[in-house]
Amino acid sequence: MKLSNFVSGLPKVELHVHVEGTLEPELKFALAKRNGITLAEPTPAQVRQSYNFTDLTSFLQAYYDGMNVLLTEADFYDLALSYLQKAAGQNVRYVEMFFDPQAHTSRGVSFHTVIRGIHRAQVDAEAKWGIVSTLIMCFLRDFQVEYAMATLLESLPYAQWILGVGLDSDENNHPPADFSTVFARARQEGYLLTAHCDVDMPNSIEHINQVVNQIGAYRIDHGTNVVEDPALVRQLADSNIGLTSCPISNSWISQTAKVEEIIQLTSSGVKVSINSDDPAYFGGYIAENYQLLEDSGLDHSFLADRSRDAVAMSWASPTLKRQILDEIDEYCA
Ligand code: HPA
Ligand code: ZN
């Protein structure tokens, strides 16, 4: 996808990227080699060709399968550093990265290994490229609530490196309300709250309602199905609960990129940010997601407003928010 000058240069904030979803096939091969693992496909190109998801479940199979090469602190360091370099190159100023500790602890890789590797990369990336980043720890909703709670407790010694918690993985038959006690405890511990409500799930509206009214999250990841319920749309607008939308991801997981929904929601006063989700699997980083909007006929002021929404919805310091907003204004002037 060819990027326009406007999209390339726009100062950006990324709020919905799974660091494990940034594992490019080339890095997957390098890590497999380093760890003495033989992969099913013989080349990175063939790995890429094997990605043909039709829904969330088929995507998640490839996503978890890819993680098997991540074993050591150096592997997590290399993963996060290469993502942050890529993001900085797309003029991302600030990123809140999801990570899935249970996808690793369930394979015998320690929480410490995962977070130390990612954290060291964050420190080095900020020093090298000026990109500021923080972490959101996601609970896997298809594992037991007790495992999520144990993971929350395990994270507490590293709480200064983690800004918030989220909820991801397979949403089918796994309503957010199942995790209310875990989110309540996370809030008590000082974590900020968000949760995935994936597109076109069987109970999308009920799940969005639970995230807003039972969990009390400050944002929703995806969540564009809210358009089906005008009262809930009004509640999001009035309570300033924004959506982190991922158009390219949507086009794999569902029938469309949800551009019409994004337009409708923003005109109703709901904040919507544009994000990449799992760029190595869906074939587009944040700039390509903005480009999809431009290619759909949306103008530069619409794109700049999405970047302003991302700043406003972010959990960055007031000073950093002001600085990025000023940069966006200057860029657009
Ligand atoms: N939805 C649910 N789980 C995920 C996703 C997503 O978009 N990406 C990585 N894990
Ligand atoms: Zn996601």
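Counting starts at 1 for both ligands and their atoms, in listed order.
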Under 3.5 Å: donor-acceptor pair, side chain of Gln46, backbone of Glu41: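 Flag not set: sc Gln46 to bb Glu41 has no pair under 3.5 Å.
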
Examine distances only and state if a side-chain atom of Gln102 and a backbone atom of Leu140 form a donor-acceptor pair shorter than 3.5 Å.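 Here the side-chain-to-backbone pair exists.
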
Among protein heavy atoms, which sits nearest to [atom], and what does the distance come to when rounded to 0.1 Å?
atom	result
atom 1 (N) of ligand 1	Asp198 OD2, 2.9 Å
atom 7 (O) of ligand 1	Asp277 OD2, 2.8 Å
atom 8 (N) of ligand 1	Asp278 OD2, 2.7 Å
atom 5 (C) of ligand 1	His18 NE2, 3.5 Å

Salt bridge check: are Arg48 and Glu26 linked by an N-O gap of less than 4.0 Å?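 Looking at Arg48 and Glu26, the cut-off is met.
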
For Phe59, counting its heavy atoms only, list the atoms of ligand 1 lying under 4.0 Å from any of them.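 Within the 4.0 Å cut-off of Phe59, ligand 1 contributes 8 (N), 9 (C).
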
What atoms in ligand 1 come closer than 4.0 Å to a heavy atom of Leu56?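 Result: 1 (N), 2 (C).
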
Name the orientation class of the two ring planes belonging to [X] and [Y] (parallel below 30°, tilted from 30 to 60°, perpendicular beyond 60°).
X	Y	result
His196	His18	tilted
Phe59	Phe282	tilted
Tyr281	Tyr51	tilted
His112	Tyr158	tilted

Got an N, O or S from His16 under 2.8 Å of the Zn ion (ligand 2)?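 Short answer: yes, at least one N, O or S atom is under the cut-off.
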
Short check: any N/O/S atom of His196 below 2.8 Å from the Zn ion (ligand 2)? yes

Check each heavy atom of Ile253 against ligand 1 and say whether those closer than 4.0 Å belong to the side chain, the backbone, both or neither. neither

Of the backbone atoms (N, CA, C, O) and the side-chain heavy atoms from C-beta on, which set of Leu60 has a member under 4.0 Å from an atom of ligand 1: side chain, backbone, both, or neither? side chain

Could you tell me whether Arg116 sits above the aromatic face of Trp161, with NZ or CZ closer than 6.0 angstrom to the six-membered ring centre and within 45 degrees of the axis?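 Checked: cation-pi criterion not met.
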
Within-shell test, [X] vs ligand 1, heavy atom, strictly < 4.0 Å:
X	value
Phe98	no
Ser169	yes
His222	yes

Please answer: with hydrophobic residues joined when any side-chain heavy atoms are less than 4.5 Å apart, are Leu81 and Val123 in the same cluster?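 Looking at the clustering, Val123 is in a separate group from Leu81.
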
Check this for me - ligand 1, His16, N or O atoms closer than 3.5 angstrom, yes or no? no

Suppose we only allow N, O or S atoms; which atom of Asp277 ends up nearest to the Zn ion (ligand 2)? OD1

Answer yes if the ring centres of Tyr191 and Phe183 are under 6.0 angstrom apart, and no otherwise.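 When the ring centroids of Tyr191 and Phe183 are compared, they turn out to be at least 6.0 Å apart.
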
